[in-house]
Amino acid sequence: MRVESEPMKIAEDLLAHYGVHARRLPWRVPPGSNEAADPYRVWLSEVMLQQTTVAAVAPYFARFTDRWPTVADLAAAADGDVMAAWAGLGYYARARNLLACARAVARDHGGVFPDTEDALRALPGVGAYTAAAVAAIAFRRRAVVVDANVERVVARLFAIATPLPAARTEIRAAAHRITPDARAGDFAQAMMDLGATICTSRSPACGICPLRQDCAAFRTADPAAFPAKAAKKARPHRLGHAWWIERDDGRIWLIRRPDKGMLGGMRALPSSDWSVTAPPAAPPFPALWTALADPVTHVFTHFSLDLMVHVARVEGDCLPPGEGEWWPLDRLDEAGLPTLFRRAADAAMKENIQDAW
DNA sequence: GACACGTGGGA
DNA sequence: TTCCCAAGTGT
């Protein structure tokens, strides 16, 4: 005979806890509030929060909503402005899809977010998770919201031993069982709060968990062992070159990367391909090139990179090959460089200061 | 299902 | 230092 709490009891216990302990977040309406959540803000926050921490998102969310208060404002924004505003947050396909989604809402939905999970799911950059989250949180629909937090909490509640990702089907079915018909949005946010603050990946605080009496993993020797996960692959290493071209009027040459691939759509220094073996350091044009002593090291999700930075100072009549723009050094912050190239720029400028001395 | 796709913080 | 991971989506 199984010892398992009633599905409804889990939701009741969790929502009671959430009513008292809900985190106050800029995009969140407090539990029990009569105020309705703004679908635009809910959607924007959900996209920003994909694979990204609350701490990292908060300042970006503030800047975006200040500059583009409505989905119509965002839909009317220039591509480059949005990409630059996203710079540093990572996963830049999100920014491209964000704009595409805002414009689809403006063009196909009269500037109003659709209020069903299916219609939301059809929008660019809105997958199963985000569609369910927006439907539940902004439109108070009964949707089963499953993110990594929910997966972890559910895997523990029911001590699901199947390793991820194979356990997804089983976890989703269990999440469906415990999701209440009413307040599914609060329930989802409560699950995520629990996963972020108590039922954490490494050392869950079971002693203060409102669900410990409902939790099968709590009754095992090692609750943190759930969910089991498949082994990860080793991270390969790559090498590349980047070119810092500084003109005598205090500008540097920036290009825009193609939409597809790494850092797609972002401003960048000209650079070589990033290969497993060092590509030949073939500069974009002949000049007096100086390589920085140390490469810029950067770790991406699926590989790490050593980027050699080569510096050249050129005359005002120099025109590097290909598309690009001369960008004033004193406004480099506004260029919206992704972190890799921001670090390369910092290294190049530091080197130049040493030259001047 | 597998893989590409960023970044910064915590243990 | 190194590894893991954080409100996933698209292909």
Side-chain angles (χ1 to χ4, degrees), chain A residues 23 25-28 41-61 83 86-98 100-101 120-138 143-153 163-169 175 185 187-197 199-204 224 227 229-238 257-266 268 274 296-305 336-343:
Chain A
R23 288 183 294 173
L25 301 171
W27 44 86
R28 179 179 283 180
R41 293 167 64 89
V42 173
W43 161 75
L44 178 61
S45 68
E46 291 300 343
V47 173
M48 287 184 165
L49 286 162
Q50 290 167 9
Q51 299 287 285
T52 309
T53 58
V54 165
V57 163
Y60 284 85
F61 181 82
M83 298 310 289
W86 197 276
L89 198 54
Y91 284 147
Y92 298 99
R94 292 185 295 172
R96 300 194 297 275
N97 286 328
L98 191 82
C101 181
L120 288 162
R121 178 70 182 78
L123 293 167
V126 177
Y129 162 76
T130 302
V134 174
I137 297 169
V144 181
V145 180
V146 182
D147 74 329
N149 286 304
V150 175
E151 283 183 349
R152 185 171 59 254
V153 172
L164 289 172
R168 294 251 152 81
T169 306
F187 177 76
Q189 294 177 93
M191 289 286 276
M192 294 189 277
D193 274 17
L194 189 76
T197 62
C199 194
T200 57
S201 182
R202 286 180 182 165
S203 49
K229 292 182 182 176
K232 288 187 167 54
K233 290 197 337 181
R235 196 199 316 273
H237 192 75
R238 297 187 191 178
R257 295 175 63 84
D259 277 345
K260 294 205 169 190
M262 288 292 294
L263 313 177
M266 301 300 287
W274 306 334
V296 171
T297 64
H298 195 71
V299 179
F300 296 103
T301 303
H302 56 296
F303 65 91
S304 59
L305 177 68
L337 293 177
T339 298
L340 167 68
F341 291 111
R342 177 73 243 190
R343 288 188 182 160

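In what follows, chains are A, B, ... by sequence order, proteins preceding strands, each numbered from 1. Hydrogens, waters and symmetry mates play no part in the numbers below; they use all other heavy atoms, side chains included.
Distances from the side chain of A:Lys232 to the nucleotides C:dG8, C:dC4, C:dG10 place C:dC4 closest. For A:Thr301, whose side chain is taken as the heavy atoms from C-beta onward, the closest listed nucleotide among C:dG8, B:dA11, B:dT7 is B:dT7. Closest to the side chain of A:Leu263, out of B:dT7, C:dG8, C:dA6, is B:dT7. Side chain of A:Lys229, nearest nucleotide from C:dA6, C:dC5, B:dG6: C:dC5. Checked against B:dC5, C:dA6, C:dG10, the side chain of A:Tyr91 finds its nearest nucleotide in B:dC5.
Residue A:Phe300 contributes atom CZ, which lies 18 Å from atom P of C:dC3 at whole-angstrom precision. Distance CG (A:Leu49) to P (B:dT7): 17 Å, rounded to an integer number of Å. Between A:Leu25 atom CG and C:dA6 atom C1' there is a gap of 14 Å when expressed in whole angstrom units. Rounded to a whole Å, the CG atom of A:Asp147 is 14 Å from the P atom of C:dC5. Atom CG in A:Leu120 sits roughly 17 Å away from atom P in C:dG8 (whole-Å rounding). Between the P atom of B:dG6 and the OH atom of A:Tyr60 lies a distance of 13 Å, rounded to the nearest Å. For the pair A:Leu89 CG and B:dG6 P, the interatomic distance rounds to 11 Å; values are reported in whole Å. Across the protein-nucleic acid pair, A:Leu337 atom CG and B:dT7 atom P stand 11 Å apart, rounded to whole Å.
Separation of the P atoms belonging to B:dG8 and C:dT9 is 22 Å when rounded to the nearest angstrom. B:dC5 and C:dA6 have their P atoms separated by 22 Å, given to the nearest Å.
Here A:Ala56 lies out of heavy-atom contact (under 4.0 Å) with every strand. Counting non-hydrogen atoms under 4.0 angstrom, A:Gly264 reaches nothing in the nucleic acid. Using a 4.0 Å heavy-atom cutoff across all strands shown, A:Leu98 reaches no nucleic acid atom at all. Counting non-hydrogen atoms under 4.0 angstrom, A:Trp27 reaches a base of the nucleic acid. Contacts of A:Val126 with the nucleic acid, taken as non-hydrogen atoms under 4.0 Å apart, involve only primed sugar atoms and P, OP1 or OP2. Among the protein residues, A:Thr130 comes within range of the sugar-phosphate backbone only, with heavy atoms under 4.0 Å from sugar or phosphate atoms but none that close to a base. If you check every strand for non-hydrogen atoms under 4.0 Å, A:Ala128 touches sugar and phosphate atoms only.
Between A:Glu46 and A:Tyr129 the shortest side-chain heavy-atom distance falls below 4.5 Å. When side chains are defined from C-beta on, A:Tyr60 does not count as touching A:Thr52, because their heavy atoms never get closer than 4.5 Å. Put simply, the side chain of A:Arg152 reaches to within 4.5 Å of the side chain of A:Ser201, judged on heavy atoms. Side-chain contact between A:Thr301 and A:Gln51: absent, with no pair of heavy atoms (C-beta onward) separated by less than 4.5 Å. Using a 4.5 Å heavy-atom threshold, the side chains of A:Val145 and A:Met191 count as separate. Looking only at side-chain heavy atoms (C-beta outward), A:Val146 and A:Glu151 come within less than 4.5 Å of each other. Residues A:Trp43 and A:Leu98 meet the side-chain proximity criterion, which asks for heavy atoms closer than 4.5 Å.
Positionally, the nearest nucleotide of DNA chain B for A:Leu340 lies more toward the 5' end than for the other of A:Leu340 and A:Ser203. Toward the 5′ end of DNA chain C lies the nearest nucleotide of A:Arg202, the other residue of the pair A:Arg202 and A:Gly127 mapping further downstream.
The phosphate of B:dT7 has OP1 or OP2 within less than 4.0 Å of a side-chain N or O from A:Thr339. The side chain of A:His298 places no N or O atom within less than 4.0 Å of a non-bridging phosphate oxygen (OP1 or OP2) of B:dG6. Within the 4.0 Å cut-off from OP1 or OP2 of B:dG8, at least one side-chain nitrogen or oxygen of A:Arg343 is found. Note on A:Lys260: every side-chain N or O is 4.0 Å or more away from OP1 and OP2 of B:dC5. Between C:dG8 and A:Gln50, no contact under 4.0 Å exists linking OP1 or OP2 to a side-chain N or O. Between A:Arg168 and B:dG1 there is no side-chain polar atom (N or O) within less than 4.0 angstrom of OP1 or OP2.
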Step-by-step side-chain contact (heavy atoms from CB on, under 4.5 Å) determination, A:Arg257 to A:Met262:
CA-CA 8 Å; A:Arg257 295 175 63 84; A:Met262 288 292 294; 4.1 Å; yes
Below 3.5 Å between N/O atoms, which protein atoms pair up with nucleotides 2-4 of chain B? Just atom names and distances, please.
none

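Between A:Val57 and the options A:Leu25, A:Leu49, A:Val47, a side-chain contact (heavy atoms from CB on, under 4.5 Å) holds for only A:Leu49.
A tilted orientation is assigned to the rings of A:Phe303 and A:Phe300, their planes being inclined by 30° to 60°.
Residue side chain A:Thr52 reaches the base of B:dG6 through a donor-acceptor N/O pair under 3.5 Å, judged by distance alone.
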